[in-house]
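Start at 1 and go down the list; that is how both ligands and their atoms are numbered.
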Amino acid sequence: MKLYNTLSHKVEEFTPHEAGKVKMYTCGPTVYHFAHIGNLRTYIMEDVLEKFLRYEGYDVTRAMNVTDVGHLTSDGDTGEDKMLKGARREHKTVMEIAKYYTDAFFADCEKLNIKTPDVVEPATNCIPEFIKMIEGLIEKGYAYEAGGNVYFDTSKLDNYYVFGAHRAEDLEVGVREGVEADGNKRNKTDFVLWFTKSKFEDQELKWDSPWGVGYPGWHIECSAISLKHLGEYLDIHCGGIDNAFPHHTNEIAQSESYLGHPWCRHWFHVLHLNTNSGKMSKSKGEFLTVSLLEEKGYDPIVYRFFCLLSHYRKSLVFSWEGLDNAAVAYGKIVSKVAALKEDGDVDEEVVREYRERFKAALGSDLNTSNGITELYNVFKAKTNGATKLALIRDYDRVLSLDLDKAAAKLREKEAEEKTGNEGEKDEFTLKIEEMIEKRLEAKRARDFATADAIRSELAGMGVEITDTPQGTKYTIKK
Ligand code: AMP
Ligand code: ZN
């Protein structure tokens with residue numbers, strides 16, 4: 001497939017190190033609050049990428065961390081610890097907060113048909129791995145101790161700004177905002193690998209280390225967890241675009257300095273979901289969650305569909321109107337699927353042709369909106385229902401829009417409504433039919449008095465009858 005690579009700033013042919021195998025890493029959630037639908041846009045698009053790689057026949061191993069320690073409110077190693085902030089807000093311990101929001105994250109993912117990665121590793125599980133990596137970096141001269149903390153020395157690198165688009169001034173933003181500059185740093189781009197002295201002496205989670213009791217920096221966790229589960233050569237690393245700098249930049253600095261060779265080939269970044277008032281952000285505290293969408297009556301899959309309608313490399317503005325439009329379009333697709341019949345043999349020739357079209361759409365820098373267009377094209381194809389259904393099920397292995405399930409539900413609902421109406425009509429209809437039959441018998445017996453009495457009784461029930469050559473017809477007056 002062709003995929004944009006943030007490292008080269010180009011759409012490139014995606015080629016893993018080992019033919020047929022893909023090692024994929026995803027930056028996981030910081031579990032101090034619910035994931036917002038912006039975070040989930042990133043996970044939805046990464047999920048489509050993983051499923052498309054599998055669809056293409058790759059054997060994918062995907063790992064993801066869960067950040068339950070070390071992520072400060074500023075990515076430049078300053079501010080409060082996000083986990084501690086969450087625990088204080090809810091009067092719980094950090095581990096309670098981590099467990100609660102990790103479970104909530106995976107529950108949201110399930111509702112959005114986001115597959116759980118093969119490996120999910122909380123950062124607090126890997127303290128020995130972080131320490132080993134930091135020791136290695138110190139040994140190789142890439143890290144130094146200062147004021148109780150261990151820092152990565154970015155001046156040791158020829159090219160720290162690997163993604164190019166960032167400038168040294170970027171890290172000064174925090175300083176301008178009134179956060180104290182860290183006097184221990186030799187270079188302003190240096191970052192913390194291990195904290196023993198932070199402003200937060202009451203840090204709840206601390207571990208012993210060669211540098212004293214403390215806790216890891218945020219960036220080291222992804223480098224070490226990826227190395228632990230996916231080895232020294234990573235094929236693709238994913239995250240939201242805000243992670244490119246400094247988080248991914250720092251991951252590359254650490255991993256390549258530690259390993260002594262290039263580490264990850266391909267960097268996949270999803271642009272943000274914004275609202276009219278700007279980026280949706282957890283730390284701002286005002287954000288939309290999957291539960292909120294559900295409370296408002298939206299099926300979470302409609303949000304997935306909404307995301308697939310846009311390209312991952314364009315920022316996406318969320319609006320209720322946009323979501324409503326997606327709900328209507330999704331409903332129409334489901335009705336079209338529900339109307340298809342298993343009416344014969346699947347035409348394998350047509351399946352092959354259409355699969356190629358779908359692969360071409362998704363294989364072109366994961367163009368999901370063109371993938372949806374291909375789905376519409378299946379409905380228009382000159383082939384039978386069985387072939388169309390086979391194709392829709394096939395595409396849905398990647399799109400995960402639950403089309404088959406939703407269509408079955410719709411068919412069931414329609415059948416229920418029909419029998420429901422019949423049931424309601426039944427009692428009344430049966431009564432009318434019974435009386436009409438009795439009237440006919442009376443007429444045949446030339447008992448016109450009884451026949452008239454039945455007609456009057458029916459009229460009293462609001463039923464008007466007419467005798468026609470085709471038999472007695474009736475209408476019900478409201
Ligand atoms: P966090 O839980 O803050 O560590 O973020 C989890 C993921 O969501 C990361 O990959 C972020 O880059 C991504 N992310 C954060 N904000 C947004 C947003 N508004 N839209 C899309 N992705 C986002
Ligand atoms: Zn990460």
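Among the backbone and side-chain atoms of Cys222, an N, O or S atom lies under 2.8 Å from the Zn ion (ligand 2).
What sits closest to atom 8 (O) of ligand 1 on the protein, heavy atoms only, is Asn39 ND2, 3.0 Å. The nearest protein atom to atom 12 (O) of ligand 1, hydrogens excluded, is given as Asp242 OD1, 2.5 Å; this is a heavy-atom distance.
Closest heavy-atom approach to atom 4 (O) of ligand 1 among the candidates Thr26, Thr67, Thr30: Thr30. Comparing heavy-atom distances from atom 22 (N) of ligand 1 across Thr42, Val270, Leu316, Asn274 singles out Thr42 as nearest.
At a 4.0 Å cut-off, at least one heavy atom of Leu273 sits close enough to ligand 1 to count as contact. Residue contacts with ligand 1 include Asn243, since one or more of its heavy atoms lies under 4.0 Å from the ligand. His269 does not count as a contact of ligand 1, since none of its heavy atoms falls under 4.0 Å from the ligand.
Ring planes of Phe287 and His36: tilted class, angle from 30 to 60°. Ring geometry, Phe52 versus Tyr55: the interplanar angle falls under 30°, so the pair is classed parallel (tilted spans 30 to 60°). Classified by interplanar angle (parallel below 30°, tilted 30° to 60°, perpendicular above 60°), the ring pair Trp218/His71 is parallel. Relative orientation of the Trp320 and Phe318 rings is perpendicular, given thresholds of 30° and 60° on the angle between their planes. Under the 30°/60° scheme for interplanar angles, the aromatic rings of Tyr151 and Tyr144 are found to lie parallel.
The only option from Asp59, Asp118, Asp47 that meets the salt bridge (Lys or Arg N to Asp or Glu O under 4.0 Å) definition with Arg54 turns out to be Asp118.
Counting the atoms of ligand 1 from 1 in the order shown, those under 4.0 Å from a heavy atom of Gly239 are 10 (O). Atom numbering of ligand 1 starts at 1 in the shown order; those under 4.0 Å from a heavy atom of Pro29 are 2 (O). Listed by number with element, the atoms of ligand 1 under 4.0 Å from a non-hydrogen atom of His36 are 16 (N), 17 (C), 18 (C), 19 (N).
Side-chain contact check for His219 and His248: no donor-acceptor pair (N or O, by modelled atom type) lies under 3.5 Å. Judged purely by distance below 3.5 Å, without hydrogens or angles, the side chains of Tyr354 and Asp394 never pair a donor atom with an acceptor atom.
Remark: at the Zn ion (ligand 2), atom NE2 from His247 and atom SG from Cys27 enclose 120°, rounded to the nearest 10 degrees.
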